[in-house]
Amino acid sequence: MQKKNKFILTFILFCSIAVSFAQETYLYNDDGTSRLHLFEVEQVAFLSSQQNYVTAVEADGKFSRYKYDENMHLLSKVVWKDNQNEPIISSVTDYFYVAGYETPSSSVQQTYYENGTLKTVVRTEYNSFFKPISEAFYSFPLQTQDKELGEEKFNFQDSSRLIEEIFYTYNTKNLLTEKKNISYTEGKISVSKTIYQTPGNERGGYEYYFEDVLQKKISYSEEGDYTETVYFSGGQSIVAVYIDDCLVEEIYYMNEKELRRTKY
């Protein structure tokens, strides 16, 4: 960890000195390939070894390291953040591939508390277009003991820490048509679902269901204005009309019969 921190501090210090001389700076290797790019608040360094390539990025107070194999397949991403002038690891994401495919088939992201103990684990499965088809979220309580990165062993078969799963459905054009959320809270399971009226575009409208009951519906006009309908038990519903993102009218219904209107 100390070697990593020294590398981070050296990199950030070098970037800070270089950026003070120019708003945008490029440094190159002897073969003409880019080695360092400095631009305003973002600094990017390109490193390589015999087997792997590494991109290091510093921006917005965070330092990220991306590791690639010789075929430029993304293998991992590590993010550090500053904690009282001491860089600490915020998250680590590892990517996994199926032979013959150029994009990852899955990834595992681990986030950490400031004392270095495991906070969350997110396991994501992807389709061949590198779009998520499922995500599983696991949560861990704050531990008082200090653990180094990699010491925490996690068994995905242990569902006791599973708090949420998300499943994505796409059409033949690989556009998102449906998102299903399963929440696990204190032993209770709840299911919600969002169906998109225009695949791949939330601004095209959607319907939201909770436990298979329609709760909300958003419908957009060609001009970008929209209506939001909220459904309540007992047949009540309210339609809110928005123009230029401003609420202009609310219409109250009982069993689809209009009761009253309120204009704003």
Side-chain angles (χ1 to χ4, degrees), residues 41-42 59-60 62 64 74 77 79 91 93 95 102-107 109 111 120 122-139 162-185 188-264:
V41 296
E42 181 177 87
D60 297 327
K62 292 186 178 182
S64 303
L74 179 61
K77 175 186 177 182
V79 178
S91 66
T93 306
Y95 297 88
E102 293 297 316
T103 58
S105 60
S106 63
S107 67
Q109 181 192 63
T111 65
T120 64
V122 181
R123 186 177 186 178
T124 305
E125 303 287 338
Y126 302 97
N127 63 15
S128 58
F129 296 93
F130 195 33
K131 288 190 175 183
I133 56 177
S134 67
E135 292 178 302
F137 298 81
Y138 302 82
S139 179
L162 181 64
I163 58 172
E164 185 180 21
E165 290 182 288
I166 302 178
F167 299 91
Y168 302 86
T169 302
Y170 303 87
N171 62 12
T172 55
K173 295 182 178 180
N174 203 39
L175 298 174
L176 183 65
T177 59
E178 182 178 315
K179 183 173 69 173
K180 181 179 181 181
N181 296 64
I182 303 178
S183 177
Y184 305 89
T185 305
K188 297 181 180 179
I189 301 177
S190 59
V191 181
S192 61
K193 180 173 59 177
T194 302
I195 299 177
Y196 298 95
Q197 298 175 7
T198 303
N201 180 17
E202 184 174 327
R203 296 288 293 184
Y206 62 88
E207 296 177 350
Y208 173 77
Y209 294 81
F210 184 77
E211 301 294 358
D212 290 327
V213 177
L214 181 61
Q215 301 286 313
K216 184 170 68 174
K217 181 178 180 180
I218 302 287
S219 297
Y220 284 86
S221 67
E222 294 182 358
E223 293 76 19
D225 301 324
Y226 64 97
T227 60
E228 178 184 70
T229 304
V230 179
Y231 299 89
F232 301 92
S233 59
Q236 300 180 59
S237 62
I238 301 176
V239 177
V241 181
Y242 292 83
I243 297 178
D244 294 331
D245 288 327
C246 294
L247 177 63
V248 297
E249 185 178 25
E250 285 184 324
I251 310 171
Y252 298 81
Y253 291 89
M254 172 63 74
N255 296 323
E256 299 184 356
K257 181 179 179 181
E258 182 177 331
L259 299 179
R260 67 180 188 276
R261 294 179 175 236
T262 302
K263 293 183 179 294
Y264 299 96

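Residue numbers run from 1 in the order of the sequence given.
- Taking both residues in full, the closest heavy atoms of T177 and P199 are given as CG2-CB, 3.9 Å, listed atom of the first, atom of the second, then distance.
- Taking all atoms of both residues into account, the shortest heavy-atom contact from P132 to Y170 is O-OH, 2.6 Å.
- When all heavy atoms are compared, the tightest approach of D225 to I243 is OD1-CA, 3.4 Å.
- Between Y220 atom OH and Y206 atom OH the span is 7.0 Å, to the nearest 0.5 Å.
- For the atom pair OG1 (T194) and NZ (K180), the distance works out to 12.5 Å, reported to the nearest 0.5 Å.
- There is a side-chain donor-acceptor pair under 3.5 Å between Y184 and E165.
- Considering only heavy atoms from C-beta on, L175 stays 4.5 Å or farther from Y196 through its side chain.
- Across E211 and I189, no two heavy atoms sit closer than the pair OE2-O, 3.8 Å.
- For the pair Q197 (side chain) and I218 (backbone), a donor-acceptor distance under 3.5 Å is present.
- In this structure, P104 and Y126 approach most closely via the heavy-atom pair O-CB, 3.5 Å.
- The distance from atom NZ of K179 to atom OG of S192, rounded to the nearest 0.5 Å, is 8.5 Å.
- Few gaps surround CD on E258; more than 12 heavy atoms of other groups in view lie less than 6.0 Å from it.
- In this structure, K193 and D212 have side chains that are in contact, with non-hydrogen atoms separated by less than 4.5 Å.
- A donor atom on one side chain and an acceptor atom on the other are not found under 3.5 Å apart for E228 and Y226.
- Put simply, CD1 on I251 and CG on L259 are 11.5 Å apart, with the number rounded to the nearest 0.5 Å.
- Here the straight-line distance linking atom CD of E164 with atom CD of E135 works out to 8.5 Å at 0.5 Å rounding.
- No donor-acceptor pair under 3.5 Å is formed between the side chain of T103 and the backbone N or O of F129.
- One distance of note links NZ of K263 with CD of E250; it measures 12.0 Å at 0.5 Å rounding.
- Side chains of Y209 and V191 form no contact here, defined as non-hydrogen atoms less than 4.5 Å apart.
- A donor and an acceptor atom, one from each side chain of S219 and T227, are nowhere located under 3.5 Å apart.
- Residue M254 comes nearest to G234 through the heavy atom pair SD-O, 3.4 Å, listed as atom of the first residue, atom of the second, then distance.
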